[in-house]
Amino acid sequence: MNPYDHTKIEKKWQKVWESKKPNKVKEDKKKKKFYALIEFPYPSGAGLHVGHPRPYIGMDIIARKRRMEGYNVLYPIGWDAFGLPAENYAIKTGIHPAIITKQNSDTFRRQIKLIGISFDWSREINTTDPKYYKWTQWIFLQFLKKGLAYKKKMTINWCPKDLIGLANEEVVNGCCERCGTKVEKREKEQWMMAITKYAERLDKDLDDTEFLEKIKIQQRNWIGKSEGAEIDFELEGSKEKIKIFTTRPDTIYGVTYIVLSPEHPWVKNRTNDSEVNVYIAKIKEKTDIERTDAKSEKTGIELKGVWAINPATKEKIPVWIADYVLADYGTGAVMAVPAHDERDFDFAVKYGLPRKEVIIPRLIDHKNPHQPGKEVVYRHAIIAVVRNPKNNTYLCLKWKKQTWITFVIGGVENGEDPGAAAIREIREKTGYKNIKLVKMLGEAQSEFYAAHKGVNRIAHTYNILFDLIDEEKDVVASEEQEIHDLVWTPAASITKDNMIHNEMELILTRIKNDYAYTGEGILTRSGPFDRKESIDVKKEITESVGGKWVTKFKLRDWVFSRQRYWGEPIPVVHCEKCGIVPLPEKELPLKLPKVKNYAPSQTGESPLASIEKWVNTKCPNCKGKARRETDTMPNWAGSSWYYLRYTDPKNKKTFADKKNLEYWTPVDWYNGGMEHTTLHLLYSRFWHKFLFDLGLVPTSEPYKKRTSHGLILAEGGAKMSKSVGNVVNPDDVIKVVGADTLRVYEMFMGPFDQPIAWDTNNIAGSRRFIERIWKLQEKIGKVSVNNKIETTLHKTIKKVSEDIEEMRFNTAISSIMILLNEFDKEETISKEQYQIIIQLLAPFAPHVTEELWTVLQNKGSVHSAPWPQFDQNRLIENNVSISIQVNGKLRGNMTTPKDTPDKEVQKMALNMSEIKKWTDGKVIKNVIVIKNRIINIVIE
RNA sequence: GCCCGGGUGGUGGAACUGGUAUACACGCACGACUUAAAAUCGUGUCUCUUAUGGGAUGCGGGUUCGAUUCCCGCCCCGGGCACCA
């Protein structure tokens, strides 16, 4: 046996793969296909770091396993090469971005090949290749034709450092996603993509995918679907109406004012009020971060002399403008319900606007629930919380016949004011005469069984706080005295547990702080809807005020233009006569012209605008004077459809032949970073659906399954970055320990989907593992039948097979290690046994396993050998270890033949000396036997 | 604030459907081999305790014969969203 020489072995096989191209695939209808995809990288100047290959290796393992299972596997790679770093470099050095891109992708390719990823290199693509972006432009023209790409003057997010407009998705905390500079607002004509037209389907169709649940949730949150009502509010003395959107039409009887966003069109047309104008101007100056920071205090101004009519109550209510209402969501106007919405509540408190409670929580007493068959009695009641502010004590009633402690409680008589009722009850029950109403603590519907009356009670309770002015009191009637004693209780003892009321939480919180009750509940003060459940009446109440039930989305249309050089030129011209005219398809690709200066202009135009020769052209329509569009497409354009091009990367007639698309799509398994969930993943699903609607792709979803990987962090847990200087280069690792070790280590280091810090010390373990696999070849020899080792072998096949499917690569490797440990204990192992361990390891460590495969004098490649199958019968162990517990504590262990009858196992256990020690002299209450696992003896 | 994850030895992390917590690996200690070291191999390694035994899966409760796993209430860390009416 030669010593394990990773350099020699890896060079040898990489050379073979380079010439024989075993991973080059052709469409073959006789074979089942499998399309594995990873996110193609942006080839940066820094080259690959060890974090890059983690997803490639993970997917490579799956791809290799699929090949061994007989699938025709497409596992492609390419370069997402448009983007700012190459352009910024060009600005600095004057070197054309294409040259840098070429250099960088050459480096990436070389590095990836060193790792032995089984990509089909014959299908390599590059988004900056005119042969590729011809089709990106072509797809754009289809969007344009259908009116889904359009130009719009709008305020955009402008990065003053990069001199570039940003999509909402590219703004993080009000800062540029790339450089972190605070984003400004600018008015500009922009190309837009109407992704919102697809919002409903982008949300709904997630149901049919096998995306990880967290990915679906994140996409759904981003799309932000919500259902609600659009309701018109008439303006007094005017025919005009203000349309509002609300998800809580059930609270409409509680609307005490309405609010328009400062940008609301209705406001624009009638600003003769100078104060209002000043306010609006001030808001316009604010940046988006200041504007949308939920923590900042809300501001607003009343439109004096303007009144709206609450369509439910017909009451006159004021109209306000406020910055907390967003112009571009819903209708840009809201109905304010300060009693039941936190924002309205804050605003109402600040500006002294009234609140009206119309929803009360439904409190069901679970300890004392309604009894079936008993009469249900509904009544209004008060709970009077009387406080002595001098010593901070509360007046409680200690009931004599019941174990209750309550505040002063009592009924509200027909037509009686609850506050008056409370004062009356306090006098009758306690005698105190001089009390002061402090505040209402809110209302509730309390449902319980009133044992002393034998009825099921539904009480609408008014919780009211009073302060005691002085101790003066009347004599209390003797009947009342017999029912309860008065106890002044310190505040600390007034708790949820000490008091019987359902309403305690409400009372205790509201004594300290008022708040808006935003939950569902029972309607009150809502005319015909009183006593109904809020959740049931939303649609009915909407109809009653002439409103419409609608669906709204948070998702906004996609800002599609960039004022930069290094992107796909948008293939349209602006004609003096005809307006926007698309280039004829045969003129595609519209190539990027050569330019001297790559820097964008301060006016916000792309460097393309300065190339007169290129810009000035003829209208393809009327042949008159026209100017080319100088905006380019965003980075996300090329990556929105690249997976389609892989199916037919060289096609000159179409973006991909229908036959190829039909064979390969959808992508069976797409792995990528969580950071692309709301951007790339959503955009590409949108493009795909659009192409599907045109009949150009066969499926409505591009990806069947989507998983994600965790980032690899630098040693110590920080993000790897060139500027910090903590980047680990895979080339260096490979030189020392080899690609196979790197691969095994990256998969073994922790769960694939979680971020993890690089740890150079730990690599040694993976290297040792491969060396031991290598040395194991010396043990091949004649063996006698060993059932135990066969069982382990088949268990390992099962575990590795299943773990790979779940991307649990770390436990797959650990189970191979366990098998190796077993083999190592043996004098000899069989060639067949050795072969299986090699096959199981082949997807993880493709070079060394290929070498060992030939050492075993096998023909062909281990990577095309069939994936090992486990034998169900071999999984069964003859003997099982059963642990014995006494009262749940482990006290002993025994080995029995598998499936020994419970009674027998029980008898054996009870007879064991270490068990007897615990059970002697004790009564055995129960013995629980779980077959082949555990016995629990329960003693007194 | 809301929505997702997560919290287990000195470290990275295992644990089926509620059934022997700490697999596998790193590190460390000791031993073998060696003139010596490295490498390799072997043994040990949650913790307290002389021991019988006790205690440990972020904290506090609960359900259960039995809880890392289920339920309730908190704390901490990571990610996403954030005035979306």
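Proteins come first, then strands; the chains are lettered A, B, ... in the order of their sequence lines, and each starts at number 1. From a predicted model like this one, the values you see are computed outputs, not experimental measurements.
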Within-4.5 Å side-chain heavy-atom neighbours: A/Val728 and A/Thr760: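 Heavy-atom side-chain distance check fails, nothing below 4.5 Å.
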What do the steps show when you test A/Lys775 against A/Glu771 for salt bridge (Lys or Arg N to Asp or Glu O under 4.0 Å), and what is the final call? CA-CA 6 Å; A/Lys775 278 190 206 147; A/Glu771 281 178 15; 5.0 Å; no
Set of side chain to side chain contact (heavy atoms under 4.5 Å, CB included) partners for [X], sequence neighbours left out:
| X | answer |
| --- | --- |
| A/Glu826 | A/Asn786, A/Ile789, A/Ile829 |
| A/Ala322 | A/Val259, A/Tyr324, A/Phe347 |
| A/Glu914 | A/Met912 |
| A/Glu213 | A/Lys216, A/Ile217 |

Have a look at [X] and say if it touches a base, only the backbone sugar-phosphate, or nothing, with a 4.0 Å heavy-atom cut-off.
| X | value |
| --- | --- |
| A/Ile818 | sugar-phosphate |
| A/Ile930 | base |
| A/Lys889 | sugar-phosphate |
| A/Val334 | base |
| A/Ile756 | sugar-phosphate |
| A/Val927 | nothing |
| A/Asn936 | base |
| A/Arg767 | nothing |
| A/Lys798 | nothing |
| A/Phe553 | nothing |
| A/Asp346 | nothing |
| A/Lys554 | base |
| A/Ser881 | base |

Using a strict threshold of under 4.0 Å (side-chain N to carboxylate O), is an ion pair present between [Y] and [X]?
| X | Y | result |
| --- | --- | --- |
| A/Lys552 | A/Glu230 | yes |
| A/Lys538 | A/Glu227 | no |
| A/Asp899 | A/Lys931 | no |

Of B/G13, B/A25, B/C3, the nucleotide closest to the side chain of A/Ile217 is B/C3
What's the closest nucleotide to the side chain of A/Phe245 if the choices are B/C65, B/C24, B/A85? B/A85
How many whole angstroms separate atom [atom1] of [X] from atom [atom2] of [N]?
| X | N | atom1 | atom2 | value |
| --- | --- | --- | --- | --- |
| A/Leu682 | B/G80 | CG | C1' | 14 Å |
| A/Leu820 | B/C24 | CG | C1' | 11 Å |
| A/Gln218 | B/C81 | CD | C1' | 8 Å |
| A/Met749 | B/G12 | CE | C1' | 8 Å |
| A/Leu711 | B/G79 | CG | C1' | 11 Å |

All N/O contacts under 3.5 Å from nucleotides 37-44 of chain B to the protein, with atom names and distances to one decimal?
from  : atom 1 : to       : atom 2 : distance (Å)
B/U40 : OP1    : A/Arg768 : NE     : 3.3

Near RNA chain B, under 4.0 Å by heavy atom, which residues of residues 806-813 of chain A?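 Contacts with RNA chain B under 4.0 Å: A/Asn810, A/Thr811.
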Can you check B/G62 for me, syn or anti if syn means within 90° of 0?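 This nucleotide is in anti.
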Going by the angle between their ring planes, with limits at 30° and 60°, are A/Trp320 and A/Tyr351 parallel, tilted or perpendicular? tilted
Using the ring of each side chain (for Trp, its six-membered ring), is A/His676 parallel, tilted or perpendicular to A/His680, with breaks at 30° and 60°?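 The rings of A/His676 and A/His680 stand perpendicular, inter-plane angle above 60°.
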Using atom C1' of each nucleotide, how far apart are B/C28 and B/G18 to the nearest Å? 36 Å
